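Only a predicted model underlies this, so the values are computations on that prediction, with no experimental measurement involved. In what follows, chains carry the letters A, B, and so on, assigned in the order in which the sequence lines appear, proteins first and then strands, with residues in each chain numbered from 1.
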Number of protein chains: 2
Amino acid sequence: MHLDQLIITLKHRREELGVTQEQLADLSGVGLRTLKALESKKGNPTLVTLNKLADVLGMEVKLVVKNIEL
Amino acid sequence: MHLDQLIITLKHRREELGVTQEQLADLSGVGLRTLKALESKKGNPTLVTLNKLADVLGMEVKLVVKNIEL
DNA sequence: GATCTAAGTGCATTATACTGCTCTATTTTT
DNA sequence: AAAAATAGAGCAGTATAATGCACTTAGATC
C-alpha cells in the first residue's frame, strides 16, 4: 500500500462514514489544521497521529509481510 | 495492531532475517540513531520512516477497516 | 579475560510534524 | 444566486522526530 494511497483510503473512509474533517479532528484529538494538511498536501503523519484518526474511523494500522502471490 | 506491537513486529522481522540495525539503517536510508531509538524507546516514527524500514524488510504498512468477527 | 560485534544511551543540532488563527475557495443547501 | 457548511492555504510558534558523534552495555568469539 503506497503512502499516498493510504491517506486517500483514510479520506475515503471518512467520507464514507459521512464525517466532516472537523468532526474527525474533534473525535480523534488531532488538530483540524493537521488533518486538513494531511488530507490535502499528502503529509507525513507520525504513527500516533495516524492511529488516532484510524481509531475513530474503525480502522487500524498494520505492518505485514508482503504477499508475493496475490 | 497496537503501536508498540507494530514496532516489536518490525524488530522481530529484522532479527528473523538476520539483519543488524546498522545494515537496516544503511539499506533503508534511515539514520542508525533513529532506528536504535525506535526499537528501544518505542518511538513515534513518521509514516515515511516506517515505510522505508518496512520496504527493506519485505513488509508494508496497511490501513484497514477493523474486522469485528475474527 | 581480552577482543570484537551488535545494541542501547546522552547530548546537541536540524528538520519538520503539529497546532491555532485567519482568510479564501469550493461545495452544498435553501 | 445567496447563504451556509465544508475544505484548503498562509503565517507563526511549539513540540518532537531525525540525525550524527561519542560513549556504554551486552553477547559472542578467540
>> Classify A/Gly29 by what it touches in the nucleic acid, base, sugar-phosphate, or nothing, heavy-atom distance under 4.0 Å.
In response: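 Here A/Gly29 touches the backbone only, sparing every base.
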>> Does B/Thr46 reach a base, just sugar-phosphate, or nothing at all? Heavy atoms under 4.0 Å.
In response: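 Sugar-phosphate contact only - B/Thr46 comes under 4.0 Å of backbone atoms but never of a base.
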> Are the side chains of A/Leu63 and B/Gln5 in touch, meaning some heavy atoms are under 4.5 Å apart?
Replying inline: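 SC-SC contact between A/Leu63 and B/Gln5 ruled out.
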Nearest whole angstrom, please: distance from the [atom2] of [N] to the [atom1] of [X].
{"X": "B/Lys41", "N": "C/dA7", "atom1": "NZ", "atom2": "P", "value": "17 Å"}
{"X": "B/Gln21", "N": "D/dG27", "atom1": "CD", "atom2": "P", "value": "14 Å"}
{"X": "B/Glu15", "N": "C/dG8", "atom1": "CD", "atom2": "P", "value": "8 Å"}
{"X": "A/Ile7", "N": "D/dG8", "atom1": "CD1", "atom2": "P", "value": "13 Å"}
{"X": "B/Leu38", "N": "D/dT19", "atom1": "CG", "atom2": "C1'", "value": "14 Å"}
{"X": "B/Leu53", "N": "D/dA18", "atom1": "CG", "atom2": "P", "value": "9 Å"}
{"X": "B/Leu24", "N": "D/dA18", "atom1": "CG", "atom2": "P", "value": "14 Å"}
{"X": "B/Asp26", "N": "C/dT5", "atom1": "CG", "atom2": "P", "value": "15 Å"}

Any donor and acceptor pair, going by atom type alone, linking the side chain of [X] with main-chain N or O of [Y] inside 3.5 Å?
{"X": "B/Asn44", "Y": "A/Thr46", "answer": "no"}
{"X": "A/Arg13", "Y": "A/Leu57", "answer": "yes"}
{"X": "A/Thr34", "Y": "A/Val30", "answer": "no"}
{"X": "A/Thr49", "Y": "A/Pro45", "answer": "no"}

>> Closest-nucleotide mapping onto DNA chain D: is A/Thr20 or B/Lys52 further toward the 5' terminus? I mean the 5' end.
In response: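 Counting from the 5' end, the first nearest nucleotide belongs to A/Thr20.
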>> Looking at A/Thr49, I'd like to know whether one of its side-chain N or O atoms comes within less than 4.0 Å of OP1 or OP2 on C/dA17.
In response: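 No, because none of the side-chain N or O atoms of A/Thr49 sits under 4.0 Å from OP1 or OP2 of C/dA17.
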>> With a cut-off of less than 4.0 Å, is there a side-chain N or O of A/Thr34 near OP1 or OP2 of C/dA17?
In response: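 So the side chain of A/Thr34 is outside the cut-off, no N or O lying under 4.0 Å from OP1 or OP2 of C/dA17.
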> Excluding sequence neighbours, so at least two apart, what forms salt bridge (Lys or Arg N to Asp or Glu O under 4.0 Å) with B/Asp26?
Replying inline: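 Salt bridge (Lys or Arg N to Asp or Glu O under 4.0 Å) list for B/Asp26, sorted by chain: empty.
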Output one line per pair: protein atom, nucleotide atom from nucleotides 20-26 of chain D, and distance, for all N/O pairs under 3.5 Å.
residue	atom	partner	partner atom	Å
D/dG20	O6	B/Arg33	NE	3.2

> Hey, are A/Glu39 and A/Arg14 close enough for a salt bridge, meaning a charged N less than 4.0 Å from a carboxylate O?
Replying inline: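 Counted as a salt bridge, because a side-chain N and a carboxylate O are separated by less than 4.0 Å.
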